[in-house]
There are 2 protein chains.
Amino acid sequence: MSKRSYDQPGCGLATALDLLGQRWTLLIVRELMVGPLRYTDLLSRLSGIGTNLLASRLRQLEQAAVLGRHELPPPAASVVYELTERGRQLESIVTGLATWGRQYVDDAAGVELDVRSEAFALHCAFRPERARYVDDVYQFEVESAVMHARVHEGRLETGVGPVPYPKATIRLDRHTWTALLRGEVEDLAARGGGLDVEGDRAAARRALRVFGRPGAVKSPGTTASR
Amino acid sequence: MSKRSYDQPGCGLATALDLLGQRWTLLIVRELMVGPLRYTDLLSRLSGIGTNLLASRLRQLEQAAVLGRHELPPPAASVVYELTERGRQLESIVTGLATWGRQYVDDAAGVELDVRSEAFALHCAFRPERARYVDDVYQFEVESAVMHARVHEGRLETGVGPVPYPKATIRLDRHTWTALLRGEVEDLAARGGGLDVEGDRAAARRALRVFGRPGAVKSPGTTASR
DNA sequence: CGGAATCCTCTTCGATACTG
DNA sequence: CAGTATCGAAGAGGATTCCG
């Protein structure tokens, strides 16, 4: 069993780092920000982690109530790990770190899109201060990557795949997508052909406002690929 | 030499964690948020770190341009470590983590005030969104702890000890101080006797607005004590 | 096949001792 | 004061095995 603690009870930062400061922990949170995952999915997405560590980290995080274990209903009958409310409170910290770290990476364009990574990029580009009164469900389609986003009460929830009744479905090519994330797409018509909307155009216009930070994420959280 | 990297170039979070995710690193940033420190001061404030690790972390952080090494002018002729602009960009992440971690700590009142810890608590209680048009220098005095804060262009800078010409000097007892940090002191007169202002009362009123978050830091970042 | 525990090697940490 | 050098202990990573 582990216990390399900073032993500074009373200090919030030291306590937070006792829980989250170990290797892999925040990457697990990153993975779950886009939606629940099974043990094996985590294992394959976090290439290099080693099964014992993953098990140990999940146990610690569950104990700290950062995530929960849930059994899926019968058809799937499997266990998924999911962020709790406490875990979701880490979202702005994780995206903040990701955005900060971005200044060290030189953008050699990735090879293939990973849906969850792109959905995470959406989190990084999200501007809560602009989402105050927005209540929309969007579907995004970038090449083969289909994902959705719900903006509700100033918060963002994302998921992979399509969603039943989106207010607007926004289809983009790769270049327009990264431009959107950087906040460089201000107008539905501005880009010739790179962007196509189905559904409520006003909602799509709100999406352009709510996503896209000036200095933010260009290419996304590339997770393991091999 | 070390290199246990996540090896996910292209992912901002993984890159950030390669730099900051090792043990002690963010606590070093925390210490420097309140102002420059010498090697030995860091060593004594981060009880448990071990001198080789501190040296190694400082080297890495300097290389990543998170902090800088500066020689003090002749009288002191000593080296201090100081956050760079990049390092200061981590402030909101560090205070966010500290605030998040706070929910796990039960507030058994600390024994003795540490000025730097209280100044750090001020960072945690700072609300940038309310500081947009504020441009003030305050001095705070809580028991034996004297510190100052400059709010300028939406950002906060703190330091220990007195400051030449503060707009307002605010003296508080310990209880009122923690209440202030929690955002529970709304009025200069509200607390009988716990608070005393010298200088510009309007500035002091702004201070009450700019510091103090609802769910925020109660007792501060207690650093090592032994 | 999903969800781990075990074993073994290698890296990192922490403490102490030592140096310019 | 500001570090470097050294060394035992704890933690990480990889492979293999086990359980349901």
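By convention in this document, chain letters (A, B, ...) are assigned in the order of the sequence lines, proteins followed by strands, and residues within each chain are numbered from 1.
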Rounding to an integer number of Å, can you tell me how far A:Tyr6 OH sits from C:dC13 P? 9 Å
Nearest-angstrom distance from the residue atom CZ of B:Arg59 to P of D:dG3: 9 Å
If you define the side chain from C-beta out and look only at heavy atoms, does anything of B:Leu13 sit under 4.5 Å from A:Thr95? no
Measure CG/A:Leu43 against P/D:dG13 and give the value in whole Å, please. 12 Å
Among the nucleotides D:dG13, C:dA4, C:dG3, whichever has the atom closest to the side chain of A:Trp24 is D:dG13
What's the closest nucleotide to the side chain of A:Gln22 if the choices are C:dA17, D:dA12, C:dA5? D:dA12
Nearest of C:dG3, C:dC13, C:dA4 to any side-chain atom of B:Arg57? C:dC13
Looking only at side-chain N and O atoms, does B:Ser78 come under 4.0 Å of OP1 or OP2 in D:dA2? yes
Hey, is the side chain of A:Arg69 poking within less than 4.0 Å of OP1 or OP2 on C:dA4, counting only N and O atoms? yes
Could you tell me whether the phosphate oxygens of D:dA10, OP1 or OP2, come under 4.0 Å of any side-chain nitrogen or oxygen in B:Arg23? no
Return the value, rounded to whole Å, for the distance between atom NE2 of A:His70 and atom P of C:dG3. 14 Å
C:dC13, D:dC1, C:dG3: which one has an atom nearest the side-chain heavy atoms of B:Thr40? D:dC1
Cationic tip of B:Arg182 above B:Phe211 ring, under 6.0 Å, 45° of axis: no
For the residue pair B:Arg155 and B:Phe126, would you count it as a cation-pi contact if the rule is NZ or CZ under 6.0 angstrom from the ring centre and within 45 degrees of the ring axis? no
Rounded off to whole Å, could you give me the CG-to-P distance for the A:Leu37 and C:dG3 pair? 11 Å
CD1 of B:Ile49 versus P of D:dA2: gap in Å, rounded? 15 Å
Is any side-chain N or O of B:Asn52 under 3.5 Å from a base N or O of D:dG3, one able to act as donor and the other as acceptor? no
Does C:dA4 have OP1 or OP2 sitting under 4.0 Å from an N or O in the side chain of A:Tyr81? yes
Testing the 3.5 Å rule here: is there a donor-acceptor pair between the side chains of A:Gln89 and A:Glu91? no
Using atom CG of B:Leu61 as one end and atom P of D:dG3 as the other, report the distance to the nearest whole Å. 14 Å
Within this structure, what is the CG-to-C1' distance between A:Leu58 and C:dA4, rounded to whole angstrom? 11 Å
Closest non-hydrogen atoms of A:Tyr81 and A:Leu32, given as atom of the first, atom of the second and distance, are O-CD2, 3.4 Å
Select one nucleotide: of C:dG3, C:dC13, D:dG3, the one nearest the side-chain heavy atoms of A:Arg4. C:dC13
